[in-house]
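Data first, discussion second: the structure below is written as structure tokens.
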Amino acid sequence: MSESSRRPYLIASGGAEVRYRSHDVIVVGSGIGGLTAALGAARKWDVALLTKSSLSDTTTFLAQGGIAAAVGPLDSPDLHLADTLTAGAGLSEEIPVRVLVEEGPDRVRELELLGTKFDHRDGQLILASEGAHSVPRVVRAGGDATGSVVAGALMQAMIAGSSVELREGEFVVDLLTDGATCIGALSLDREGVLTLYHARAVVMASGGAGQVFSRTTNPGVATGDGYAMGYRAGVVLRDMEFVQFHPTALHVDENPTFLLTEALRGEGAYLTDAKGERFMVGVHPRAELAPRDVVVRRMREVMIRDGVDHVFLDAGHLDCEFLRERFPTVFNGLGSRGLDLCHTPVPVSPTAHYYIGGLLTDVWGRTSLPMLYSCGEASCTGVHGANRLASNSLLEGLVFGDRIARDLDRLLAQPSRPVRKFRLDLPEDHRVGNTPSVVAAARRTVGEIMTRCCGIVRDASGLDEGARLVAELRESLRPPGRDVDELELFNLLTVAALTISAASSRLESRGVHLRLDYPEVDDVHWRRHVTVEYDEAREAAHVRVLGRKGEL
Ligand code: SIN
């Protein structure tokens, strides 16, 4: 069986030998969603987890804040639902949000049973406050090291207690499709060897794409590979215009940037201007704990007003011993940079943090391509709407990763088509690719274009310019060879183009999408979603504004 001739692949075979392997399930990515799906699926099925770097090189591992879940005595799933819908600015889907908030508490308890040591006081879980939560709701571990503690427990369970075959250093290049079904993935290992992984189902949990901007809290691996390969395989992506900027990344010339968790504001830290005055008071009833989009917009106004590129996070009025104990990651990270949270306000600025959009899924993590699932930041389940509620992302990975495992149990139990010999129709050419210095320069350029033309604020002329510059940059490059940095660059260029297309289509300001030329929310015309998918006939992106919410 051969592939459709028009389907684009990122890589050429160059006549090289391709290895073959076969599993029931391939999971791509080792963040919280991928680990949860792999562990769950491996209870019944033969599962391989492919991750392009090391197991722990993920956005999950860096997460500081925690996991939002309605486990406290003052809380309820209904309250969590209401907060999520409010933060989502009219575009969160109620059905997946209900799934999230109702199943979340059980998933958190299961994490505890697995060995995750969440922080307790007097035998009770400590619950932190974060922006736009109406009650303290965020379960945390190691103070501000939640991601690494949770990922550590899941990794341990996978390595020591499961049959998951772990393959690090496997860069998944493209999905394999047989007609309209996903049948596996093509992967490049560290030695440059291509392997065709045949699978009855693939779970795309490859994370986000913060690296498409110049400054991001995401690790270097967050290059949107899942979005780009999903796009090339014809999968529907949704909400790609909604990119959340975190208000308080340390304002220094680093990428990834160092995050100062929102929980600091939850414990009472202030946002101040250069004169030391708080600027969120009077802007929103929750002041510094307003939803992230509100905080970022106000920060931008203050920075323009004062002609500066940062503001300050001031924790000087809080008890120093408490800060040191509660926020060891932040405290030590600042200390190693010569900064002191206790005594000096810390310079902060908004930084790309989270892709709300992604591969559109239903409540079981199923994408528009049969046998391809997605969870975590790679997916768009519909829960985050136009602005994600803080600490809902780890929860989303847990809940939908688990749901995927349950759905796989149902689906894979049914007899499937016998595996047919699959011939991979990669282009045959021998590609020399681009030199490392060209790749590094192009990667910087795409970040600059996106930051300037499609960043915190957008307008038609900037978006048009961005689209043109991204296309020109791509045209200036040779087709990619076999280098992972180079393949990531091409994925970044695809994600940049898709993000700009979606952002150009939405003619209003909503949540994290702020258009200077359409500054108002327009519920009449725009309480709806934008999808993008590959159009084979035109060999270009097809952007659609859905007539009703949730259409797949
Ligand atoms: C943070 O700790 O502020 C990040 C949490 C999140 O993005 O949900």
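Here the structure is a predicted model, which is why all the values come from computation and not from measurement. When a ligand or atom number is given, it counts from 1 through the structure's own listing order.
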Across all chains, not counting sequence neighbours, the side-chain contact (heavy atoms from CB on, under 4.5 Å) partners of Thr58 are Ser30, Thr60, Phe61
With atoms numbered from 1 as shown, which atoms in ligand 1 lie under 4.0 angstrom from a non-hydrogen atom of [X]?
X      : result
His353 : 4 (C), 6 (C), 7 (O)
Glu262 : 1 (C), 2 (O), 3 (O)
Arg388 : 6 (C), 7 (O), 8 (O)
Ala390 : 8 (O)

Quick check: His310 with Phe312 (ring centres under 6.0 Å apart)? yes
What about the rings of Phe213 and Phe245, do their centers lie closer together than 6.0 Å? yes
Which residue holds the protein heavy atom closest to [atom], what is that atom called, and what is the gap in Å?
atom                   : value
atom 6 (C) of ligand 1 : Arg292 NH2, 3.1 Å
atom 8 (O) of ligand 1 : Ser391 N, 2.6 Å
atom 2 (O) of ligand 1 : Thr261 OG1, 2.6 Å

Tell me, please, whether Tyr373 has Arg366 positioned over its six-membered ring: NZ or CZ under 6.0 Å from the ring centre and within 45 degrees of its axis? no
Do the numbers put Arg337 on top of the ring of Phe258, so that NZ or CZ is under 6.0 Å from the six-membered ring centre and no more than 45° off the axis? yes
Any N or O of Gln64 closer than 3.5 Å to N or O of ligand 1: no
For Gly65, is at least one N or O under 3.5 Å away from an N or O on ligand 1? yes
Test item: Asn491 side-chain N/O and Ala228 main-chain N/O as donor-acceptor pair under 3.5 Å: no
ring-ring contact (aromatic ring centres under 6.0 Å, His included) against His80, all qualifying residues, sequence neighbours excluded: none
